[in-house]
Structure formats: C-alpha cells, structure tokens
Protein chains: 2
Amino acid sequence: MRTTRQRQVILEELRKVTSHPTADEVYEMVRKRLPHISLGTVYRNLELLSAAGEIQTLGLAGTQKRFDGNPANHYHARCLKCGRVIDLDLPVKALNGLEDAVAETSGFKVVGHRLKFLGLCPRCQKEEQKQDR
Amino acid sequence: MRTTRQRQVILEELRKVTSHPTADEVYEMVRKRLPHISLGTVYRNLELLSAAGEIQTLGLAGTQKRFDGNPANHYHARCLKCGRVIDLDLPVKALNGLEDAVAETSGFKVVGHRLKFLGLCPRCQKEEQKQDR
DNA sequence: ACAATAATAGTAATGATTACTATAAAGAAT
DNA sequence: ATTCTTTATAGTAATCATTACTATTATTGT
C-alpha cells in the first residue's frame, strides 16, 4: 500500500474525531483540505485502511456504514432514534476470556469481537418526554 | 398489526432455520409456499416484525442485512471470509450487568446489547490451509 | 354483511456503494 | 536525478439492496 496524500489526509481526519462519520461525512471533512478528491477515492481508502487494521468499519445499522479512526478494541453505544454512535470506556478484558470459549465450542478461529449497546441517547430521551406531554 | 397470511408464513419460515438469511433468501423460502408474494412485502414485514420484537435484524457486515427468527438475546459468530453467521450458546447474564454500568456512565437509556465474534469458520480455515501449500 | 382501514402486488425510484478508464503520482531500478 | 513499472486517482457510469408509490385486495370491528 503506497503512501498517498489522499490516504494520509483521510486517516488524519478520521483520527481527529470521535463521531464515527459515514463515508460521505469523511468526504466532506477531507474535501476542506483536498478540494479535488473524489468520493470513490474515499470509499476505496476507507476499505483499504480497514483491511489494514488502521481503522474500524462499523456495520451498525441504518443504511450507511460508519468509520472509526480508533483501531483498538473498544465498545459503542448506538441511539436507536438518531443513529448517533458514541464510544464507551469499558474494560475489554472481561470479554477476551470469552473468545477462547467461543473458539472451542464453535470451531471458529476467533480474531476479535464487537460489542455494542442499544438505547436512547440523552438528547433523544428529552425529545421523548416532550412528546409524552 | 393485522395477521396476514404473508406475515405468518414469513415468520414461520424464519423460525424454521438458524441460517440468518438475507431478505432475498427469505423471499425465496417464502415463495415456495406463496408464489405470488412480492419482495417489497417481505422487506416491509421483516422490518415490522423486527420492530415488534418478533425477530432480530442483524446489521452485521457485507451489503445485505440478515434476519434472525430468534428474538431472544443470544450471540453470534461471523466468518470474515464467507460471511456465514452462526449462533453461539453463551450465557447472556455476564453482559446484562454491564448494561447498567453503560447507562450510568453514558447517560443512555440502554434497552439491549449485541455481541458478535469475528473469525474464520471451520470450512474457511481448511480453505486457507490449502492455499498455504 | 358492511364499512373503514391496513396490507399487498407490481413497479418505479432512491441512494449507498462499486466498477470502469484514461491520466497522474509513487516507489524502484538505473 | 531520470526512466520505468505499477498502483492510485478523478470523474463518471453502473450496480444492487432497499424504499416509495398506487391501485387493488384482504382483514377486522361493528
């Protein structure tokens, strides 16, 4: 994988934020620095960077994928209403033990795991209350 | 939500299998019993059944969503190579305690969680070995 | 049985993602 | 540093899963 300006900037911008942007949101972020970059380049690099373990692809919900500049294992909470995804600060250790158990019982060669919590974010909880009145 | 023949059959067929089919796979399954059903009906009902808690929608990976006829909380393993998803028989209890912790630290009103393991299924492990020779 | 209304089949439209191709840039070899 | 080989890019077209639309049909409460 060669080091191109486009790839560098995509990775830099993604590492700057914790907002788990979609591909077109990354495109907008990057376009401020590289106005001529094409959307296809963004998609291709997000895929390559993900395959290389530099970022994470979140196959969460909705129609669009989201991308996470933090490749380390960490967990997420997704709001069922607005789709927003936030990072959680939970110890990963507890789950690592389970990987071995899964490998044994399933025959899978386990390379990692993903854990997410679903619910309503604080903002959307307030919206719900308004509607109840 | 009315009880229509189409909705019944979709739910029945989905409950029969543990293969986590995609929408078009469900369509093919159901079409054997209801040859005139339309794909749009399948999509709409999968969404409604999921919203009603009768089935689960798995926003795993790849381009297509997968559906699980088992609405109870249970965990999955997905093969990174062939995309196959299998059910795991793991105790859910260990994770339930974490939901409260997440709610406290994040402010989310947590309603559930999803845990999946990633790796290579037994079949694809064999394929890898063939290629190594 | 009738009326009100939700659901369906069939089709068209949408929208995220991928594929294609000529040109440009990166890294290796000279 | 210059040339060469190959990968990556921009711009555009194509794909494909999903959603929206509409006239007709089926369900359910009265």
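In what follows, chains are A, B, ... by sequence order, proteins preceding strands, each numbered from 1. Atoms considered below: every heavy atom in the structure, side chains included; atoms not considered: hydrogens, waters and symmetry mates.
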Any protein N or O atoms within reach of nucleotides 24-27 of chain D? Criterion: under 3.5 Å, listing atom names and distances.
residue : atom : partner : partner atom : Å
D:dT27  : O2   : B:Arg2  : NH1          : 3.0
D:dT27  : O2   : B:Arg2  : NH2          : 3.3

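Taking five base pairs at each end of the helix from C:dA1-D:dT30 to C:dT30-D:dA1 and finding the rotation axis that steps the C1' atoms of four pairs onto the next four gives two axes whose angle is 50°, to the nearest 10°.
When the nucleotides D:dA17, C:dT8, C:dA9 are ranked by their closest atom to the side chain of B:Ile37, C:dA9 comes out on top. Distance from the side chain of B:Arg44 is smallest for C:dT8 among the nucleotides C:dA9, C:dT8, D:dA17. For A:Thr41, taking side-chain heavy atoms from C-beta onward, the closest of the listed nucleotides D:dA10, C:dT8, C:dT18 is D:dA10. Taking every side-chain heavy atom of B:Glu47 into account, D:dT19 is the closest of C:dA9, D:dA8, D:dT19. In the set C:dA16, D:dA10, D:dT19, the nucleotide with an atom closest to the side chain of A:Tyr43 is C:dA16.
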*Evaluate the criterion side chain to side chain donor-acceptor pair (under 3.5 Å) for residue pair B:Asp24 and B:Gln64; output intermediate values, then yes/no.*
CA-CA 9 Å; B:Asp24 57 293; B:Gln64 290 166 281; 2.6 Å; yes
*Evaluation steps, side chain to side chain donor-acceptor pair (under 3.5 Å), between B:His74 and B:Asp89*: CA-CA 7 Å; B:His74 63 283; B:Asp89 188 23; over 6 Å; no
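Within 6.0 Å of CZ in B:Arg33 there are more than 12 heavy atoms belonging to other residues, nucleotides or ligands. The neighbour count for B:Arg15 CZ, taken as heavy atoms of other residues, nucleotides or ligands under 6.0 Å away, is above 12. A 6.0 Å sphere centred on NZ of B:Lys32 holds no more than 12 heavy atoms belonging to other residues, nucleotides or ligands.
Within 4.0 Å (heavy atoms only), A:Arg7 reaches sugar-phosphate atoms of the nucleic acid but no base atom. Residue contacts shown for B:Asp24 are absent, as no nucleic acid heavy atom lies under 4.0 Å away.
Looking at B:His113 and A:Tyr75, their side chains never bring a donor and an acceptor atom within 3.5 Å of each other.
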